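What you see is a predicted model, and the numbers here were worked out from it, not measured in a lab.
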Amino acid sequence: MGLQFKKAARAVLVGCLLVAMVIGVFPIQAPEAKAASDAVINLNTKYQEIKGFGGMNHPSWIGDLTASQRETAFGNGDNQLGFSVLRIWIDSDSRNWYKEVATAKAAIAKGAIVFATPWNPPSELTETFNRYGDTKAKRLRHDKYAQYAQHLNNFVTFMKNNGVNLYAISMANEPDYGHEWTWWTPSEILNFLKYHAGSINCRLIAPESFSYNKTMSDPILNDPQALANVDIMGTHLYGTQLKDFAYPLFQQKGAGKELWMTEVYYPNSDNNSADRWPEALGVSDHIHNAMIHNLQTYVWWYIRRSYSPMRENGTISKRGYCMAQYSKFIRPGYRRVAATENPNNGVHVSAFTGDGKAVIVAVNKGSSDISQKFAVNGQNISNVDRYRTSGSENLAKTTNLALDGNGFWAYLPANSVSTFVCTLKTNTTVGGTLPNGWYCIKNPASGKYLQVEGNVGAAGQNVQAGAKTGARGEKWYLTKLDNGYVTLTSALGDFMLDVSGAGTADNTNINIYHAYSGEAQQFKLKTTAVAGQFGIMTKVTNDKSGLHLRVADNTNVVQNGYWEGTNQVWTFEPTN
């Protein structure tokens, strides 16, 4: 597909940046351990919700991931990356769409979300035009916008019919860099979004510019009609300078929208392998900068490539381990929290919370070893495990670091990245603030209510989340049991909320079943950081999992491991 030109141009953009970074961040001096200022973590000050980390699969260009490579990418066990986001390609020729199905289904089975991006519309919808002397430049014909929207809808439908519910779809890849694909101007993007994007039956991403080019996205934020049809502001970070990572206009006008980084490789592709050290450590620092500037995803270009998280032979590279310091431990639904970002020269810290944990990532890009104190405010910690990648280590684990008050000291070797997983002391209640009675149960993040599908009272009937209608299938009678659990009986008859088959695995479906008050029908209400909001924990998993609104479709309710994600939190509204 002629990607060498694209890569060469990107190398020019980032090359000077890399040289400056190497000179500025790695001073020449004898290594010595230095004391640092405390890195203070405040769990009560929360920022963006993390959607996940991942990369792109592109079977048409470099071949599909193998079954074992999918396990390595999307599994979260030993020697696995723990990716939770997959990006796929929308071929302009629908006859090739089948190539994307296998890996997408495998990723979803591991709990990942999948989104798709087109490079070009179907050829019959495009035309050539003169762009600054290039007479072969390509664009979408202005009278074919409706047909293009239908093309995107067709892809959504095709994937759904083949077992893949897309989380989102993009309107274009790098519209400001169309040398080998389709150009879009800001005004063309705006017109498409205002008058045609509303018909797309999926969350929409725009504009996915090449280098966080705000001239492509500012017009969307400044136009309420266009913005209403966009769910996710997406960007790439090729050559983006650190001063341009912040986006004040999005913070001002992007309420209710997500902010994603949807493609990058860093710091280069062709020049060096993914195992050069300390060059690979730059990946961890790049992710750090994306996170502290409120981006919610970090998506690599090819998952498997010589410069990528996975080598061509399917094993994890140094760049991959540097990504895994985030992706394995900061899971979808976690929230970034306040942290001292630069407690010592060369040390960069970010922190996140979810699943009853605080996760702290510290990148030491300096040439001096650091003895660093971490102090955690807002909730007590009971245990700390450390994972570290350095020139000689890959996710090396040390358990049970010594606590110092509500914090700990840690050794940060020069040119290393460390992830600290802190177990939080949590309190569980059994509904002491909730008397027996009728409730409508709401997921605040989505605004949807727990309801029996079709309002049908039948054993095994699915339970999902949807708009409030006042139907009986949305009403539940809470009864507190002597053992600290509760049952939830449907107003549709003698049926209780039930974990299907008393299963204990993630993604076990939630339904209603004949009331018998067994373990599959017993739940514990777990308090959260927000008063009045609860996790609904399942007894069959010993309270390790809870009711979970699937992000893949934002409708079905299943049982999943609990991390206090926004899709796992519920409020109880009294009703008749």
Side-chain angles (χ1 to χ4, degrees), residues 1-10 54-74 83 85-109 112-126 136 138-140 148 150-175 177-184 202 205 208 210 234 236 238 262-265 269-270 299-314:
M1 297 295 291
L3 287 180
Q4 295 306 314
F5 175 77
K6 173 182 175 183
K7 292 176 180 175
R10 287 179 172 168
M56 176 140 188
N57 187 46
H58 209 320
S60 293
W61 283 359
I62 63 168
D64 201 359
L65 295 177
T66 66
S68 64
Q69 290 166 358
R70 294 166 192 152
E71 288 287 326
T72 300
F74 300 102
F83 282 175
V85 180
L86 170 67
R87 185 183 188 221
I88 61 176
W89 185 43
I90 306 174
D91 197 312
S92 59
D93 185 346
S94 62
R95 292 173 296 182
N96 293 322
W97 289 352
Y98 72 93
K99 298 178 182 179
E100 308 297 331
V101 173
T103 292
K105 290 180 69 173
I108 288 176
I113 58 176
V114 179
F115 73 98
T117 302
W119 268 238
N120 294 301
S123 58
E124 64 269 20
L125 305 183
T126 65
K136 296 183 179 180
K138 181 165 55 178
R139 68 184 175 195
L140 177 65
Y148 182 55
Q150 185 57 51
H151 170 72
L152 298 181
N153 270 336
N154 291 344
F155 185 81
V156 173
T157 300
F158 174 86
M159 295 303 290
K160 185 174 183 179
N161 289 343
N162 284 275
V164 177
N165 287 319
L166 293 176
Y167 182 84
I169 193 167
S170 175
M171 63 170 290
N173 174 72
E174 297 180 351
Y177 194 90
H179 295 286
E180 297 182 17
W181 44 86
T182 303
W183 292 98
W184 292 72
C202 191
I205 303 173
E208 283 205 85
F210 166 65
H236 301 175
Y238 292 108
T262 55
E263 184 192 310
V264 79
Y265 52 73
S269 63
D270 293 333
V299 182
W300 196 265
W301 177 218
Y302 292 134
I303 292 174
R304 185 196 66 220
R305 208 64 170 163
S306 62
Y307 52 85
S308 292
M310 186 185 297
R311 305 181 186 98
E312 291 285 7
N313 64 6

Kindly write out the residues that satisfy side-chain hydrogen bond (donor to acceptor under 3.5 Å, both in side chains) with [X], not counting sequence neighbours, or none if the list is empty.
X    : answer
D91  : N96
R139 : E127
N161 : none
K99  : none

Can you give me the closest heavy-atom contact between [X] and [Y], atom names plus distance?
X    : Y    : answer
V85  : A112 : N-CB, 4.1 Å
A168 : C202 : CA-SG, 3.6 Å
F158 : V101 : CE2-CG2, 4.0 Å
S170 : P118 : O-CD, 3.1 Å
N120 : T182 : OD1-OG1, 2.7 Å
E263 : Y238 : OE2-OH, 2.6 Å

As an exercise, state the distance from [atom1] of [X] to [atom2] of [Y], rounded to the nearest 0.5 Å.
X    : Y    : atom1 : atom2 : value
H58  : I303 : NE2   : CD1   : 12.0 Å
I108 : L166 : CD1   : CG    : 7.0 Å
F155 : E100 : CZ    : CD    : 6.0 Å
T262 : E174 : OG1   : CD    : 8.0 Å
Y148 : L140 : OH    : CG    : 7.0 Å

[X]: partners by side chain to side chain contact (heavy atoms under 4.5 Å, CB included), with sequence neighbours left out:
X    : result
E71  : Q80, K110
T66  : S68, Q69
A106 : R70
S308 : W300, Y302, R305

Steps toward side chain to side chain contact (heavy atoms under 4.5 Å, CB included) verdict (W97, I90): CA-CA 7 Å; W97 289 352; I90 306 174; 4.1 Å; yes
Inter- and intrachain pairs under salt bridge (charged side-chain N to carboxylate O under 4.0 Å, His left out), touching residues 113-126, at least two apart: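 For residues 113-126: none.
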Full working for side chain to side chain contact (heavy atoms under 4.5 Å, CB included) between H236 and V264: CA-CA 6 Å; H236 301 175; V264 79; 5.9 Å; no
Results of ring-ring contact (aromatic ring centres under 6.0 Å, His included) for F74 - residues two or more places apart only: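 Partners of F74 by the ring-ring contact (aromatic ring centres under 6.0 Å, His included) criterion come out as none, since no residue qualifies.
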By ring-ring contact (aromatic ring centres under 6.0 Å, His included) - contacts of W183 (at least two apart):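 Scan of W183 (ring-ring contact (aromatic ring centres under 6.0 Å, His included), adjacent residues dropped) gives H179.
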Output field: ring centroids Y167/F115 closer than 6.0 Å: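 So the answer is no for these two rings.
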Set of residues satisfying salt bridge (charged side-chain N to carboxylate O under 4.0 Å, His left out) with respect to E208, sequence neighbours excluded: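 R87.
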From CA spacing to verdict: side chain to side chain contact (heavy atoms under 4.5 Å, CB included), V164, I88: CA-CA 11 Å; V164 177; I88 61 176; 5.5 Å; no
W61 and W301 aromatic ring geometry - parallel, tilted or perpendicular at 30°/60° bounds: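 Perpendicular: the ring planes of W301 and W61 meet at over 60°.
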Test item: R304 side-chain N/O and A73 main-chain N/O as donor-acceptor pair under 3.5 Å: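 The answer is no, because no donor-acceptor pair under 3.5 Å joins these two groups.
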N/O donor-acceptor pair under 3.5 Å between D64 side chain and P59 backbone: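 No, D64 side chain to P59 backbone: no donor-acceptor pair under 3.5 Å.
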Donor on one side chain, acceptor on other, T117 and N173, under 3.5 Å: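 No donor-acceptor contact under 3.5 Å links the two side chains.
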Test item: P122 and H151 side chains (from C-beta on) under 4.5 Å apart, heavy atoms: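 SC-SC contact between P122 and H151 confirmed.
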